[in-house]
Structures are given as structure tokens and as C-alpha cells.
Amino acid sequence: MDSSLCSTDKPDTSTADTANLSWKLALVLQGRARPELLETYTEERRPVVHRLKQPSRASETTINYRWSSIVFDDRVKLTDTENLKRNACIGYGEDLTAGDRAPDASGLVIHKGRQKTSLFDLLSPSEHTVLVFHADPGSVQSIVQLTTRRLSGIAQVVCIRNATSGTLPDGVVEAVDSEGLASRVYGAREDELTVMVIRPDGFIGASVHTVAGVVEYFSRIFVV
């Protein structure tokens, strides 16, 4: 890891530095991820800290990790790594991309109890959260099998739909998108599967549209 990230001539990034490193370190210590995962701390944080040192209005709230080797987007192919690093603090583009900070969405109704909540209230600081939008039962079952058999305790599944179904496997949180905001914010369409995997540090690790895409992302992180 790059010791220059700890220098005193940069703005205070300690909270974000800790958030980026802690979940990776925990997985490595648990034997759930390879030690090489720790190298992505420098890969992701160094360009951000460099940009934050420059005179601008950039802050930790506008950063992204779109160039990271461990994020995965099955539709947006971003290959100009150096340009991506130069734009490490530009915030959201027209569409959410893997590596962006996950945005919140209100108006979600949990099926059990019917209480209304927001997306951020469903995220976990110690687990990946797999947001599954408008999925057919077969796709949900495949994702649940992946998380329960191989990623137990380090990933949770939240299924977001326009109405309750009553057909979800045990352990899946069902949230009704009562205002349609979550689907709009995350670009999810009713006629296709959309999966957003949110990392414990609140960034989008994967933006995919197939179960195979979910497997591809987790293969970059975990020993599965």
C-alpha cells in the first residue's frame, strides 16, 4: 500500500480511506479474499487523493472509482484509465456506472411490516448488498444460491419490485419501490434484469444484467 496516502499535505481523507480499506482487510483476514485485494486500496485511493489536493470544489462526496480493476460493468466499457483517474472527483455522469458512489432512494416499502424506508437504510457496512431489480424467480434463486452457498455472511440480497410477490426465497429482503425512485435512479427497466452490487463502503462494485455478471464481479473480490 502507498504510504504517501498518509502524508499530512492533503485534505482529511481518513474516513474515506478507512472505509475503502477496512472491508478489504476484513475479507483477507477471514480468508475470504486473496491478499492482492489490499493492493486496490492504493489503486483506488491514490488518484482520488491526488485530485483532492488540487484547487477545486471537489470533495469525497463527488468521487468515483471507475478505473478500478475490481469493479465490473457489463455494458459500459471504460478503457481510458488515465482519463478516468483525472476525473476521479467529477461525481455522477448521465448514467450510473460501476465505481460510482451509490445514490440513495426513498419510498421503499418493506413487505413485512409495511414500513417505508430508504435504500441507504438497507445497506450494510460489513456486507456487500446485491440489489436485484425486477428479476424473474429463476434469476433471484440463482443469485441467492451464490450468496448463501459461497458468500454466506458477506453478501445480502435485496429484491426491489413494483409490487410484492410472495415468491422470494428465505433470507431475501423484498422492498417495493412505491414511488419508482429507486428504479429511475439506478436505471432499472421492468423488462430486464438489473443487478447493482453495493460494496460495504457504499460504492457500486458491479452494474450487470445477468447472473453471470454477478459471478464475474464476485470472482474479482472473493475466493469462491
Side-chain angles (χ1 to χ4, degrees), residues 15-16 19 23 59-66 71-76 89-144 146-148 151 154-211 213-214 217-218:
T15 299
W23 67 271
S59 71
E60 289 285 3
T61 62
T62 65
I63 70 170
N64 67 78
Y65 301 131
R66 294 171 189 160
V71 304
F72 179 63
D73 195 306
D74 66 0
R75 291 193 175 175
V76 180
C89 299
I90 64 171
Y92 303 117
E94 294 183 1
D95 299 303
L96 281 177
T97 303
D100 285 343
R101 185 184 295 277
D104 198 9
S106 60
L108 296 178
V109 179
I110 304 302
H111 177 51
K112 293 182 179 180
R114 306 299 299 175
Q115 71 269 28
K116 186 170 287 190
T117 187
S118 70
L119 180 62
F120 277 5
D121 288 333
L122 300 178
L123 302 183
S124 169
S126 60
E127 295 180 304
H128 277 71
T129 300
V130 184
L131 300 179
V132 185
F133 290 86
H134 313 302
D136 62 89
S139 295
V140 175
Q141 185 64 46
S142 296
I143 293 172
V144 169
L146 172 66
T147 57
T148 56
L151 306 173
I154 51 179
Q156 63 170 344
V157 179
V158 177
C159 191
I160 299 178
R161 295 180 169 180
N162 290 331
T164 58
S165 65
T167 60
L168 295 175
D170 292 339
V172 177
V173 176
E174 183 178 59
V176 175
D177 193 9
S178 65
E179 301 171 8
L181 181 59
S183 295
R184 291 196 299 273
V185 167
Y186 283 87
R189 294 170 20 189
E190 291 187 41
D191 61 347
E192 68 176 357
L193 171 68
T194 298
V195 182
M196 295 282 184
V197 183
I198 313 301
R199 306 184 335 182
D201 61 356
F203 285 83
I204 300 172
S207 173
V208 298
H209 299 81
T210 64
V211 176
V214 179
Y217 168 71
F218 281 129

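Since we're looking at a predicted model, the values are computed, not measured.
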Heavy-atom side-chain proximity of [X] to [Y] below 4.5 angstrom:
{"X": "V132", "Y": "V157", "result": "yes"}
{"X": "V195", "Y": "I143", "result": "yes"}
{"X": "V197", "Y": "T129", "result": "no"}
{"X": "V172", "Y": "V144", "result": "yes"}
{"X": "M196", "Y": "I160", "result": "no"}
{"X": "I110", "Y": "T117", "result": "yes"}
{"X": "I204", "Y": "R199", "result": "no"}
{"X": "L151", "Y": "F218", "result": "yes"}

Exercise for the section: Give a yes or no on whether a salt bridge exists between E192 and R75, defined as a side-chain N under 4.0 angstrom from a carboxylate O. Expected result: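 A salt bridge links E192 with R75.
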Using every non-hydrogen atom in the two residues, find where [X] and [Y] come nearest and quote the distance to one decimal.
{"X": "C89", "Y": "I63", "value": "SG-CG2, 3.9 Å"}
{"X": "A98", "Y": "G205", "value": "CB-O, 4.0 Å"}
{"X": "S118", "Y": "L108", "value": "C-CD1, 4.1 Å"}
{"X": "L122", "Y": "A175", "value": "CD1-CB, 4.2 Å"}
{"X": "H134", "Y": "R189", "value": "CD2-O, 3.4 Å"}
{"X": "F72", "Y": "G213", "value": "CD2-O, 3.7 Å"}

Would you please say whether a donor-acceptor pair under 3.5 Å links the side chains of [X] and [Y]?
{"X": "Q156", "Y": "S124", "value": "no"}
{"X": "T147", "Y": "H128", "value": "no"}
{"X": "D177", "Y": "S183", "value": "yes"}

Exercise for the section: Output the distance between atom OG1 (T97) and atom OH (Y65), rounded to the nearest 0.5 Å. Expected result: 15.5 Å
Problem - CG on L131 to CD1 on I198, rounded to 0.5 Å - result: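 The CG atom of L131 is 5.0 Å from CD1 of I198, to the nearest 0.5 Å.
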Practice task
Go through the steps for H209 and T194 under the test side-chain contact (heavy atoms from CB on, under 4.5 Å), then give the verdict.
Solution key: CA-CA 5 Å; H209 299 81; T194 298; 3.6 Å; yes
Main chain of [Y], side chain of [X]: is a donor-acceptor contact present, judged purely on distance under 3.5 Å?
{"X": "Y186", "Y": "L96", "value": "no"}
{"X": "D104", "Y": "L119", "value": "yes"}
{"X": "S178", "Y": "G107", "value": "yes"}

Exercise for the section: Begin with the C-alpha distance, continue with both residues' side-chain angles, and end with the deciding distance and a verdict on side-chain contact (heavy atoms from CB on, under 4.5 Å) for D95 and V76. Expected result: CA-CA 10 Å; D95 299 303; V76 180; 6.0 Å; no
Exercise for the section: Would you please test E190 and R161 for side-chain contact (heavy atoms from CB on, under 4.5 Å) and show each step? Expected result: CA-CA 9 Å; E190 291 187 41; R161 295 180 169 180; over 6 Å; no
